[in-house]
Chemist: 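This is the structure I have questions about; it appears just below.
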Amino acid sequence: MRITNIEERHFYEIESVKNDWSLSELKRQYDSSLYERLALTKNINEVMLLSQKGQIIEKPAYAIKDLYLLELPVYPEIE
């Protein structure tokens with residue numbers, strides 16, 4: 001991976017060694033802009049937890065991203 005910002009590169013190097021990231025995990029973290037999100041956030045611990053464990057589903061409603069109303073046709077009974 002080519003990262004031109006030296007601080008950002010060092011961050012990903014340190015985190016990948018510390019957390020034993022595979023190349024695909026490193027790419028995922030980079031693509032999700034972990035460095036930028038941590039630089040902009042006030043609660044770094046929450047962002048780091050999300051980056052390591054992903055979204056934690058505590059309630060069934062958290063698993064549903066989009067609600068759909070399914071309207072199925074009603075056919076009259078054939079006698």
Chemist: Kindly write out the residues that satisfy side chain to side chain contact (heavy atoms under 4.5 Å, CB included) with S22, not counting sequence neighbours, or none if the list is empty.
Modeler: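 Listed in chain order: S24, E25.
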Chemist: Check Q29 against Y12 and note the closest heavy-atom contact, atom names and distance.
Modeler: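 The pair with the smallest heavy-atom distance is O-OH, 3.7 Å.
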Chemist: Please lay out, stage by stage, how N5 and F11 fare under the test side-chain contact (heavy atoms from CB on, under 4.5 Å).
Modeler: CA-CA 10 Å; N5 181 340; F11 169 80; over 6 Å; no
Chemist: What distance separates E7 CD from H10 NE2, expressed to the nearest 0.5 Å?
Modeler: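 So the CD of E7 and the NE2 of H10 are separated by 8.0 Å.
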Chemist: Report the residues that fulfil salt bridge (Lys or Arg N to Asp or Glu O under 4.0 Å) with E36, sequence neighbours left out, ordered by chain and then residue number.
Modeler: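 With sequence neighbours excluded, E36 shows a salt bridge (Lys or Arg N to Asp or Glu O under 4.0 Å) to no residue whatsoever.
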Chemist: Could you please spell out the steps behind the side-chain contact (heavy atoms from CB on, under 4.5 Å) verdict for E15 and Y35?
Modeler: CA-CA 10 Å; E15 290 301 313; Y35 179 78; over 6 Å; no
Chemist: Quick check for you: to the nearest 0.5 Å, what is the distance between D31 atom CG and L26 atom CG?
Modeler: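 Rounded to the nearest 0.5 Å, the CG-CG separation comes out at 9.0 Å.
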Chemist: Quick one: list whatever passes side chain to side chain donor-acceptor pair (under 3.5 Å) with S32, sequence neighbours left out.
Modeler: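 Per chain and number, S32 pairs via side chain to side chain donor-acceptor pair (under 3.5 Å) with R37.
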Chemist: Would I3 and Y30 satisfy side-chain contact (heavy atoms from CB on, under 4.5 Å), going step by step from the backbone distance to the final call?
Modeler: CA-CA 10 Å; I3 302 173; Y30 179 75; 3.8 Å; yes
